[in-house]
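Notes follow once the structure below has been shown.
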Amino acid sequence: RLFRGGLAHLWPGRWRHQPARPGTPGAPAEPIPTQTAQNLRILWVGGLLTLLISLGLVALVGRVAQLQTRTPVQIARLANAQDSVETLEARRGALLDRYGRILASSSPYYRLFVDPKSIEDPNTFSEKLGYTLGYDPAWIEKTLHNRPDSHFVVIDQHLSETRYAKYETLRLPGVGTELRMQRTYAMGPMAGQVLGFVGFDGKGLEGVERAFNKYLTGHDGYRVVYRDAARHPIWIDNSRYQPPRDGQSICLSIDATIQAIADDALAATCQQFGAQSGQIVVMNPHTGEILAMANWPEFDPNHVAQSPADVRRNRCITDFFEPGSICKPYIWGPAVQMGFVRPLEKIDCGPGVWVMQSGRRLHDAHPCGVLTAEGILIKSSNIGMGKIGERLGAARLYRCLADFGMGHVPGSELPGESPGMLNPLSRWTSYSITSVTMGQEIGVTPLQITRAFCTYANGGLLVRPTILAVDNPADPPHPLYVGRLLTPGVARLTRDVMRMVVTEGTGRKADSPLYTIFGKTGTAQIADHVRGGYLPGAYIASFTGGAPLEHPRIVVSCFIHHPDPAKGHYGGLVAAPAVRQVIEQSLLYMGVAPDQKLKFDNLGHLVEQVAQNVDARE
């Protein structure tokens, strides 16, 4: 009766109330009130809707269970298309100087791209993107037109912070950003050829970046992101997440302050004498650590595309040349040790010309007459060294130079090291003995000469050069020495003679009021590799020295290529002052007390110069 009554109120035309005959079971005793009928109708409708919703939920749960256990192939493909694997790029390890100062590091940046297939309104897309972010709409339209089938068209390789802020407020389908890593060289061109650079893919291509690429390179991570139909991220699958592992940082032996001192001295010298190029190498003679390696013209690895390839080359290790007289100590010292030359022995060098039995005429820059064995090195006599070379003979002379590392790769871990040139004995002629003693018929690199000179500074040991900081606890122990070449006594004697080169001989421009500098000059002609012989008016002016005399702490070599002969081309005039400047400022910076007597005001002035140089670089 209640059901029929409720239906009658809902559909009065369909269900009409029929009064029961008297005595009929279920006949109402009285009419149902109107309010009661409405309540019944509401309950009935609610129950019906609840039933329908319950049935729908049951069907939905059953469908979900079916999709989870027996997913149809078509639906599985759609579901898999809505998750994406995102690469989490690892950061490349930093390059640090010996005190932890950053030379090179990686930082994140974004590049802007467009997916032409996702553009909703092609007619207004270029204008909206261009006017919002500051690009030429016509250029955007042309760029997209040239690659209609691509899903990834780069609009900006390096999105600026200002444009990125505007991009975040831009709601334009088809535009996206990609996180990348940028390699930055914090000190610009300082040691640029040593550090090298990386390619667009972040792989080291030159210098230290290339040599230690496998250590610097990190391992990228990844994460799986689920997206809705509009490609908006809605969930990250924690079970498929791998964090990136950054690359290992490398602590170099380079001292940023000493490098700055060498860079400044080299640039000033090359510009003063109108040279084409130049190099300075600074080493610790006891550990073999390369404290500075300067090349001029300079190279800024932040702007690789703007630098020619020959400027990017680290000529301190790649280019070899005839050294000239700077090579004489590496013959004089072993000759003394083997007994072929006695200290204070007098040798007649004649009136400046010596006609050999082979007919060759050997010349000195100035007539020297009779010289002691030490005087031959002090005055850099070609005739005297030629006579010493004849005493040694070709085989011993070859062995002397080979023992000092000539003709062999130094092994500093830097890529592209040249072994130089030391002809085998089978190619030596009757002229070779006297040519080699003058620094001809052989080829050396700046690093080879500097390394060899360290032997006299450390008491006779040949160091193993390195571009890594040897006291870094994270690195394995570094073998400091290759072997002993000279006794400490012969090394000290040769050092004392080279001190007189600075005070009395060809290197007087290197004499310092602060430190007892010892060294050797060199003035070499540049070979003509096309026509033979030597290029007219072309020289390499060089000087290598160390200090202090009693306890050497530093060795510096300077090589100036193609100086203007009208301004000067001798090693003692061109290169020696630069070496003195680097030694003075570096030792003051290192806290080494001067071992020369001088007025306090001069010392204060030099200390102030060093402080200004450091402050400017910092």
Side-chain angles (χ1 to χ4, degrees), residues 322-337 340-356 360-392 397 400-401 433-440 442 449 452-453 456 490-512 516-525 539-547 549 557-559 568-577 579-580:
E322 288 187 347
S325 297
I326 201 173
C327 193
K328 290 176 180 176
Y330 315 116
I331 299 170
W332 193 91
V336 172
Q337 174 148 310
F340 288 94
V341 178
R342 299 185 307 276
L344 301 179
E345 176 187 357
K346 293 183 179 181
I347 299 176
D348 186 7
C349 297
V353 179
W354 177 38
V355 181
M356 303 174 59
R360 183 180 188 183
R361 301 172 68 88
L362 212 59
H363 296 267
D364 276 334
H366 306 284
C368 297
V370 178
L371 292 174
T372 63
E374 293 83 352
I376 290 175
L377 194 59
I378 295 169
K379 299 298 183 181
S380 195
S381 170
N382 293 332
I383 295 174
M385 288 302 302
K387 291 185 175 183
I388 293 175
E390 284 195 333
R391 294 183 183 183
L392 286 170
L397 193 57
C400 290
L401 296 173
I433 289 180
T434 50
S435 293
V436 167
T437 57
M438 295 188 298
Q440 297 177 348
I442 62 172
I449 286 291
F453 195 85
Y456 292 108
V490 172
R492 176 57 196 262
L493 171 64
T494 310
R495 198 160 75 231
D496 288 339
V497 174
M498 288 192 287
R499 170 61 183 162
M500 289 187 284
V501 171
V502 173
T503 58
E504 304 174 15
T506 56
R508 283 175 291 213
K509 291 284 185 180
D511 199 15
S512 167
T516 50
I517 296 176
F518 58 96
K520 184 67 184 75
T521 60
T523 305
Q525 294 176 284
Y539 300 92
I540 299 175
S542 58
F543 185 85
T544 182
L549 178 67
S557 298
C558 177
F559 304 85
H569 66 279
Y570 289 107
L573 174 66
V574 177
V579 172
R580 183 195 68 229

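Worth saying up front: this structure is predicted, and the values here are computed from it rather than measured. Index from 1, following the sequence.
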TODO: Show your reasoning for whether side chain to side chain donor-acceptor pair (under 3.5 Å) applies to Asp511 and Thr503.
DONE: CA-CA 6 Å; Asp511 199 15; Thr503 58; over 6 Å; no
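- In this structure the side chain of Tyr539 never reaches within 4.5 angstrom of the side chain of Val574, judged on heavy atoms.
- Atoms CD1 and CG, on Ile433 and Leu397 in that order, are 6.5 Å from each other to the nearest 0.5 Å.
- Between Ile517 and Ala510, the closest heavy-atom pair is CD1-O, 3.3 Å.
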Open item on the list: Between Leu549 and Asp496, is the side-chain contact (heavy atoms from CB on, under 4.5 Å) condition met? List the steps.
Closed with: CA-CA 8 Å; Leu549 178 67; Asp496 288 339; 3.9 Å; yes
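- A 4.5 Å side-chain heavy-atom check between Ile376 and Lys387 finds every atom pair outside the cut-off.
- Between Phe518 and Phe453, the ring-plane angle classifies as parallel under the 30° and 60° cut-offs.
- For the atom pair Thr494 OG1 and Glu374 CD, the distance stands at 9.5 Å (nearest 0.5 Å).
- Using a 4.5 Å heavy-atom threshold, the side chains of Tyr456 and Val497 count as separate.
- Scanning all heavy atoms of the two residues, the minimum distance from Gly333 to Val490 falls at O-CG1, 3.6 Å.
- Between the CD atom in Glu322 and the CE atom in Met438 there is a gap of 9.0 Å [rounded to 0.5 Å].
- Remark: Lys509 NZ is loosely packed, at most 12 non-hydrogen atoms of other residues, nucleotides or ligands lying under 6.0 Å away.
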Task: Worked verdict on Lys520 versus Ser380 for side chain to side chain donor-acceptor pair (under 3.5 Å) - done: CA-CA 9 Å; Lys520 184 67 184 75; Ser380 195; 3.0 Å; yes
Mind listing the side-chain donor-acceptor pairs of residues 340-347 below 3.5 Å, one per line with the distance, residues two or more places apart or on another chain?
from	atom 1	to	atom 2	distance (Å)
Glu345	OE1	Arg342	N	3.1
Glu345	OE1	Arg391	NH1	3.2
Glu345	OE2	Arg391	NH1	2.9
Glu345	OE2	Arg391	NH2	2.8

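- Proximity of Val579 to Thr544: side-chain heavy atoms (C-beta onward) are nowhere separated by under 4.5 Å.
- Lys328 has its side chain within reach of Asn382: a pair of non-hydrogen atoms, C-beta onward, lies under 4.5 Å apart.
- Cys327 SG to Ile442 CD1: the interatomic distance, rounded to the nearest 0.5 Å, is 3.5 Å.
- In this structure, CD1 on Ile326 lies 4.5 Å from CZ on Phe559, to the nearest 0.5 angstrom.
- With values rounded to the nearest 0.5 angstrom, Ile449 atom CD1 is found 4.5 Å from Tyr330 atom OH.
- Of all the heavy atoms in Pro323 and Ser542, the pair that sits closest is O-OG, 4.2 Å.
- The two residues Cys368 and Leu371 have their closest heavy-atom pair at CB-CD1, 3.5 Å.
- Looking at Ser325 and Met385, their side chains never come closer than 4.5 Å, going by heavy atoms from C-beta outward.
- Two residues are said to be in side-chain contact when any heavy atoms from C-beta on lie closer than 4.5 Å; Trp332 and Leu493 meet this criterion.
- Annotation for Thr506 and Thr521: closest pair OG1-OG1, 2.6 Å, computed over non-hydrogen atoms.
- Residue Ile383 comes nearest to Gly352 through the heavy atom pair CD1-C, 3.6 Å, listed as atom of the first residue, atom of the second, then distance.
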